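Since this is a predicted model, take the numbers as computed values, not measurements.
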Amino acid sequence: MNLRHALEVTLTRSATYNELAHATRTMPLAPNHDASRLMALMDAKTPGQGLNRLRRRLDESLPIDVITTHYPDPGGQVLLNITFPPTTDTLIRRAADMQGQRPHIFVQQALRRSLAQQASQEAEFLDHAVRQLLTRADAAHLLAALGRALTPTPGATFAETDR
């Protein structure tokens, strides 16, 4: 049974009027304000099949960078569909072979490692920043300021809440 999957297309640049008109003859698409991102619904058995099917339909008419599932799967993962340039693809295949992996598994693990490293670095940065703030303010005042920053006053403008 096919399900309808919400997919997001990120373009390498904004689509021209003619590119967008041509692509929407193939299927309905919802562009953002500058036509650099599009939303689409695709019928498929799995999200991965939906990503591949959408790429095949739009690849010739739009400058696609990446296609993603708009909503995470039950495991909390967002699926990516990326087509690498031939040179990059060759390098990935060689590196995957050396690791005894399939290319998509190799890329998946590399992305996970990179995201984990980025999350760790961000946590370290925030820990350091909080320690620095605590040298000048007590914990209660810092916590109150954080609460104010995270819960804007109803009716206040963004500038009023960002003090």
Side-chain angles (χ1 to χ4, degrees), residues 3 5-15 29-42 44 46-55 58-59 62-154 156-163:
L3 299 173
H5 302 280
L7 306 175
E8 185 170 351
V9 180
T10 303
L11 304 175
T12 58
R13 59 170 170 75
S14 294
L29 298 167
N32 70 339
H33 70 285
D34 68 354
S36 63
R37 293 169 61 175
L38 311 166
M39 290 297 300
L41 294 175
M42 182 60 61
T46 67
Q49 286 178 350
L51 291 169
N52 291 331
R53 189 173 289 164
L54 183 60
R55 173 141 334 243
L58 299 179
D59 218 17
L62 293 170
I64 297 173
D65 188 20
V66 64
I67 304 173
T68 65
T69 51
H70 188 64
Y71 300 106
D73 67 11
Q77 302 294 307
V78 172
L79 301 181
L80 303 174
N81 179 290
I82 304 169
T83 300
F84 294 107
T87 304
T88 305
D89 187 63
T90 300
L91 291 172
I92 289 170
R93 287 180 185 283
R94 284 184 190 153
D97 279 346
M98 289 172 33
Q99 296 290 323
Q101 297 175 324
R102 296 177 64 196
H104 76 278
I105 299 294
F106 178 80
V107 170
Q108 182 182 54
Q109 289 179 352
L111 283 171
R112 284 188 177 151
R113 281 191 306 273
S114 179
L115 290 171
Q117 181 181 4
Q118 181 183 0
S120 175
Q121 288 172 342
E122 185 173 342
E124 287 177 28
F125 170 80
L126 291 173
D127 288 348
H128 178 73
V130 167
R131 283 192 299 278
Q132 289 294 332
L133 287 169
L134 285 171
T135 64
R136 293 178 289 185
D138 66 59
H141 288 130
L142 182 57
L143 189 56
L146 183 59
R148 284 191 304 275
L150 294 175
T151 48
T153 307
T157 65
F158 182 74
E160 292 171 341
T161 62
D162 195 33
R163 290 183 190 170

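For the atom pair CG of L62 and CZ of R13, the computed distance is 8.5 Å after rounding to the nearest 0.5 Å. Here F106 contributes atom CZ and L111 contributes atom CG; the two are 10.0 Å apart, rounded to the nearest 0.5 Å. Taking CD from Q101 and CD1 from I92, the interatomic distance works out to 12.0 Å, rounded to the nearest 0.5 Å. Interatomic distance, CE of M39 versus CG of L7, reported as 7.0 Å (0.5 Å rounding). Note that CG of L41 is 12.0 Å distant from CG of L3, once rounded to the nearest 0.5 Å. Rounding to the nearest 0.5 angstrom, the gap separating the CZ atom in R131 from the CG atom in L133 is 11.5 Å.
Across every non-hydrogen atom of G48 and L79, the tightest pair is N-CD1, 3.9 Å. The minimum heavy-atom distance linking L134 with L142 is given by the pair CD2-CD2, 3.7 Å. Considering all non-hydrogen atoms of both residues, D89 and F84 come closest at N-CB, 4.0 Å. In plain terms, the two heavy atoms of S36 and S14 that are nearest each other are CB-OG, 3.9 Å.
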Give the intermediate values and the outcome of side-chain contact (heavy atoms from CB on, under 4.5 Å) for residues I82 and V107. CA-CA 10 Å; I82 304 169; V107 170; 5.7 Å; no

What's the verdict on side-chain contact (heavy atoms from CB on, under 4.5 Å) for R94 and T90, showing C-alpha distance, side-chain angles and the deciding distance? CA-CA 6 Å; R94 284 184 190 153; T90 300; 3.7 Å; yes

Verdict with reasoning, Q108 to I105, per side-chain contact (heavy atoms from CB on, under 4.5 Å): CA-CA 5 Å; Q108 182 182 54; I105 299 294; 3.9 Å; yes

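Environment of CZ in R102: sparse, with no more than 12 heavy atoms of neighbouring residues, nucleotides or ligands closer than 6.0 Å.
One finds no salt bridge joining D97 and R93 here, because no Lys/Arg side-chain nitrogen approaches an Asp/Glu carboxylate oxygen to under 4.0 Å.
Between the side chains of Q99 and Q109, no donor N or O sits under 3.5 Å from an acceptor N or O.
Remark: the backbone N or O of M42 is not paired with any side-chain donor or acceptor of R53 at under 3.5 angstrom. In terms of modelled atom types and a separation under 3.5 Å, the side chain of S120 and the main chain of A116 share no donor-acceptor contact. Here the side chain of N32 pairs a donor or acceptor atom with the backbone of R37 at under 3.5 angstrom. Formation of a donor-acceptor pair under 3.5 Å by the H5 side chain with backbone atoms of T69 is not found in this model.
Here the options are L11, T12, N81, L54, the test is side-chain contact (heavy atoms from CB on, under 4.5 Å), and the partner is I64; only L11 passes.
Using a 4.5 Å cut-off on side-chain heavy atoms (C-beta onward), I67 and L80 make no contact.
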